[in-house]
Undergrad: 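Take a look at the following structure, please.
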Amino acid sequence: MEFSIRSFYSDKEEMSDDLKKKTREGIRSNYNQYFSKINLGKFKDGVGPTEIFQMFIWLVDGYTQQMSNEPINLDNVGIMLANWTEMFKRIAYKEDHL
């Protein structure tokens with residue numbers, strides 16, 4: 001898993017165009033599959049899952065860049081994602097869905 005994360009975010013080595021294409025297609029496929037099951041009625045007006053998803057990408061990207069010289073601890077990443085998820089729920093969900 002760490003290899004996958006590091007290779008995805010690496011700017012030191014060049015990824016082949018084929019690998020880049022497969023990565024983009026995989027992200028798009030996972031995104032469409034996951035977001036097809038979301039109850040949009042839980043979200044406050046003006047807030048949508050696409051924006052929250054993009055914020056998660058930026059958070060993980062920033063964490064990965066910050067930790068680029070250290071081993072990635074997936075347990076810590078899981079804890080941070082759980083904390084961020086709760087924070088985003090409070091920001092994005094209507095009160096009656098918290």
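Keep in mind that the numbers below use all heavy atoms, side chains included, and drop hydrogens, waters and symmetry copies.
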Undergrad: Would you say Leu40 and Phe88 are hydrophobically clustered, going by side-chain heavy atoms of ILVMFWY under 4.5 Å?
TA: yes
Undergrad: On a heavy-atom basis, which atom in Arg90 and which in Lys44 lie closest, and how many Å separate them?
TA: O-NZ, 3.5 Å
Undergrad: Who passes side-chain hydrogen bond (donor to acceptor under 3.5 Å, both in side chains) against Thr50, sequence neighbours left out?
TA: Tyr31
Undergrad: How about NZ on Lys22, more than 12 heavy atoms from neighbouring residues, nucleotides or ligands closer than 6.0 Å, or not?
TA: no
Undergrad: Do any side-chain atoms of residues 51-59 form donor-acceptor pairs under 3.5 angstrom with protein atoms, and if so which ones, sequence neighbours left out?
TA:
{"residue": "Glu51", "atom": "OE1", "partner": "Gly48", "partner atom": "N", "Å": "3.2"}

Undergrad: Please name the pair of heavy atoms, one in Lys94 and one in Phe43, separated by the smallest distance, quoted to 0.1 Å.
TA: CE-O, 3.0 Å
Undergrad: Only counting residues at least two apart or in another chain, list the ones meeting side-chain contact (heavy atoms from CB on, under 4.5 Å) with Lys89.
TA: Thr85, Glu86, Tyr93, Leu98
Undergrad: With a 4.5 Å heavy-atom cut-off, do Val60 and Leu81 have their side chains touching?
TA: yes
